[in-house]
Amino acid sequence: MSQLEVLHSYDLTHRNRHYSDDEFEMEVDSDDYMTETETESTTSTAVLSQFEGTVATTVTSMDDEASMRTPSPEPEPIMQMDEPLRSTLYKSEFGRNLNNYSDIYKLPADEEELDRLERQYEMLNSLTGHKYVPPMMEVLADDGSERQKAVVDLGSGAGNWIEVSRIIDVARDFPHCLAVAIDLTPMKIMYEMTGHRAGDLSQSEIIPPNLRGEVDDVNLGLSHYNGHFDVVHTRLIAIGVKDYCRLVDEISEVLRPGGLIDLTEVGYEAYDKNHEPIQVSKVHDPANPQWQSPYWAHWLSAVNHAAHNGGGETSASRNLEQWLSNHRAFEDVVHREYWLPIIPGDYDRPRAEAEFLQQYRNTLEFDVMTFLRAGRVMLLKNHYKEDYLSRMEQKILDELREAKEPQYSRIECVYARKTRAPPALELDTPQQ
């Protein structure tokens, strides 16, 4: 049975297991990926992977012993995304495509949203001043060890941090490492290349041989990855995570000793130029909303309320430092906060922020406009009227372009190392 046929047969309402890599080997002269699977009481997750001549050993909590990944031949098409597969992975609501895997994450998963995330990625790297937190270079250094270093990006979206054609990221910066991107839908770059042969692509477009993409929901657990990775990275996924504290605990098991956890989240409330919360009504009545200026703050509060009611832990950003600091598995905890001027306003701002806005003002405006359209789906599902949302969105765009009073989002980054393995106890040898 081909991979596509297997995917079509999945019931996505049940927990799926992960295939080991040797269960997804590609045929040289076929457009399909062949698989042999075990029959289990749970259904299997869709693993959408592409390798070129890689050999690595992987062990998961679901494997009895190591499985050796054999070199994969160069494929014909990189991946086929036909309509039956699309209908399995996506659902359409209010004119947008959403993932068909999780009922918690309710933002779209279509081309417009992926484009927003791709542009946002570069902007946030500039805001924070880094693509990688400082310990990552040390953790992923090629130290000549037999075990391959491995990185996973949970909630990879467009796949930017792991790989994107315009940015040299993890898979290329660390070619000796295995890079795994996990999301509710396939990585954009995996299916952008549909119909292309490797010889027709530029070097920047070819998927790195050390990159793997998997379709999965982190809310269903990560125990199949225990002890598997040296770095676990997440960015802006709290809106789709049911229990973030539990996720942190599971990441502690996924990491190898000395590994790096790197979390970045945003709070779903607006702040003024003094970085104080903007007060808005806590009463959310879609039948009779009373939003007033500043409209962005009210809109964001409504999205926060809708996401929270849907199961997302939108307050996670405020707790990241505490969760890691109090966890016995982590040490060397570092916390950083950054202020993103969503509605820039007009005042004598710090020089660094002024320079940031000069470079990213258009990107920021695009991000706001497309996020308004993305959040509209969530608000419509919570029974807000479409004509009311249209009027409020226009008022927010007026706020954005008139640039009177600034409104900020607070972004928090926390990273830490997993404690190193304690030295082995030396037992006294009985005297002969």
Kindly give the heavy-atom pair with the smallest separation between [X] and [Y], and that separation in Å.
| X | Y | answer |
| --- | --- | --- |
| Ala270 | Leu300 | N-CD2, 3.9 Å |
| Val139 | Gly258 | CG2-O, 3.9 Å |
| Leu357 | Pro344 | CD1-CB, 3.9 Å |
| Leu324 | Ala416 | CD2-CB, 3.8 Å |
| Glu313 | Cys245 | OE1-N, 4.2 Å |
| Glu113 | Tyr105 | OE2-OH, 4.3 Å |

Find out whether [X] and [Y] are in side-chain contact, i.e. whether some heavy atom of one side chain is under 4.5 Å from a heavy atom of the other.
| X | Y | value |
| --- | --- | --- |
| Gln120 | Leu236 | yes |
| Val280 | Glu269 | no |
| Lys149 | Phe174 | no |
| Leu127 | Met123 | no |
| Leu340 | Leu124 | yes |
| Leu89 | Asn99 | no |
| Val231 | Phe229 | no |
| Arg116 | Met369 | no |

Sidechain N-carboxylate O distance under 4.0 Å for [X], [Y]:
| X | Y | value |
| --- | --- | --- |
| Asp332 | Arg417 | no |
| Lys91 | Asp103 | yes |
| Asp153 | Arg235 | no |
| Arg256 | Asp230 | yes |
| Arg401 | Glu365 | yes |

Identify each donor-acceptor pair in which a side-chain atom of residues 370-378 lies under 3.5 Å from a protein atom, sequence neighbours left out, and give them as a table.
unit_1 : atom_1 : unit_2 : atom_2 : d
Thr370 : OG1    : Phe366 : O      : 2.7
Thr370 : OG1    : Asp367 : O      : 3.3
Arg373 : NE     : Glu112 : OE2    : 2.8
Arg376 : NE     : Glu393 : OE2    : 3.0
Arg376 : NH1    : Glu386 : OE2    : 3.1
Arg376 : NH2    : Ser390 : OG     : 2.8
Arg376 : NH2    : Glu393 : OE1    : 2.9
Arg376 : NH2    : Glu393 : OE2    : 3.4

**OP:** Determine whether the aromatic ring centres of Tyr388 and Tyr384 lie less than 6.0 Å apart.
**Re:**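 No, the ring centres sit 6.0 Å or more apart.
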Original post:
Looking at the rings of Tyr101 and Tyr90, which for Trp means the six-membered one, are their centres under 6.0 Å apart?
Top reply: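 Ring centroids of Tyr101 and Tyr90 are no less than 6.0 Å from each other.
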Original post:
With distance as the sole test, does Asp262 use its side chain to make a donor-acceptor pair with the main-chain N or O of His233 at under 3.5 Å?
Top reply: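 The answer is no, because no donor-acceptor pair under 3.5 Å joins these two groups.
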I'd like to check the salt bridge (charged side-chain N to carboxylate O under 4.0 Å, His left out) partners of [X]; sequence neighbours left out, ordered by chain and number.
| X | result |
| --- | --- |
| Arg351 | Glu355 |
| Arg349 | Glu353 |
| Asp142 | none |

**OP:** Show the numbers, then the answer: is there a side chain to side chain contact (heavy atoms under 4.5 Å, CB included) between Ile182 and Ser156?
**Re:** CA-CA 6 Å; Ile182 295 177; Ser156 55; 5.8 Å; no
So, taking the atom named [atom1] in [X] and the one named [atom2] in [Y], what distance separates them when rounded to the nearest 0.5 Å?
| X | Y | atom1 | atom2 | result |
| --- | --- | --- | --- | --- |
| Cys413 | Tyr338 | SG | OH | 5.5 Å |
| Glu337 | Leu320 | CD | CG | 12.0 Å |
| Leu222 | Asp216 | CG | CG | 7.5 Å |

Show me the donor-acceptor pairs within less than 3.5 Å that the side chains of residues 248-255 make with the rest of the protein, sequence neighbours left out.
unit_1 : atom_1 : unit_2 : atom_2 : d
Asp249 : OD1    : His327 : NE2    : 2.7
Glu250 : OE2    : Arg246 : NE     : 3.3
Ser252 : OG     : Asp249 : O      : 2.4

Taking only residues two or more places apart in sequence or in another chain, which ones pass side chain to side chain contact (heavy atoms under 4.5 Å, CB included) with [X]?
| X | result |
| --- | --- |
| Asn362 | none |
| Thr234 | Leu154, Ile237, Tyr244, Leu263, Glu265 |
| Asp272 | Asn274, Glu276, Ile278 |
| Asp348 | none |

Subject >> side chain to side chain donor-acceptor pair (under 3.5 Å) contacts in which one or both residues fall within residues 317-326, not counting sequence neighbours >> reply: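 Non-adjacent pairs meeting side chain to side chain donor-acceptor pair (under 3.5 Å): Arg318-Glu412.
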Original post:
Does the pair Ile342 and Val368 meet the rule for a side chain to side chain contact (heavy atoms under 4.5 Å, CB included), with working shown?
Top reply: CA-CA 7 Å; Ile342 299 292; Val368 172; 3.7 Å; yes
Subject >> Residue pairs passing the ring pair (Phe, Tyr, Trp, His ring centres under 6.0 Å) test where at least one lies in residues 395-418, sequence neighbours excluded >> reply: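 Listed by first then second residue: His275-Tyr408.
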Original post:
Are a donor atom and an acceptor atom from the side chains of Thr314 and Asn304 found within less than 3.5 Å of each other?
Top reply: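 Side chains of Thr314 and Asn304: pair found under 3.5 Å.
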**OP:** In sequence, state the C-alpha distance, the side-chain angles, and the governing distance for Glu331 and Arg420, and then conclude on salt bridge (Lys or Arg N to Asp or Glu O under 4.0 Å).
**Re:** CA-CA 9 Å; Glu331 61 186 9; Arg420 283 68 168 173; 2.5 Å; yes
Original post:
Hey, is NE2 on His335 packed in by over 12 heavy atoms from elsewhere, all under 6.0 Å?
Top reply: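 Yes, the 6.0 Å shell around NE2 holds more than 12 heavy atoms from other groups.
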Original post:
Are Lys273 and Gln407 close enough, and set up right, to give a side chain to side chain contact (heavy atoms under 4.5 Å, CB included), and what steps lead you there?
Top reply: CA-CA 7 Å; Lys273 65 182 181 182; Gln407 298 175 62; over 6 Å; no
**OP:** Any chance you could lay out the side chain to side chain contact (heavy atoms under 4.5 Å, CB included) test for Ser126 and Tyr360, step after step, and finish with the verdict?
**Re:** CA-CA 9 Å; Ser126 177; Tyr360 288 100; 3.2 Å; yes
Distance-only donor-acceptor hits, side chain of residues 290-298, under 3.5 Å, sequence neighbours excluded:
unit_1 : atom_1 : unit_2 : atom_2 : d
Gln290 : NE2    : Asn288 : OD1    : 2.9
His298 : ND1    : Gln292 : O      : 3.0
His298 : ND1    : Pro294 : O      : 3.1

Original post:
When the ring planes of His305 and His284 are compared, do they come out parallel, tilted or perpendicular, using 30° and 60° as the limits?
Top reply: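 Plane angle under 30°, so parallel.
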**OP:** Test side chain to side chain donor-acceptor pair (under 3.5 Å) on Tyr132 and Asp173 and set out the steps.
**Re:** CA-CA 11 Å; Tyr132 307 132; Asp173 290 348; 2.7 Å; yes
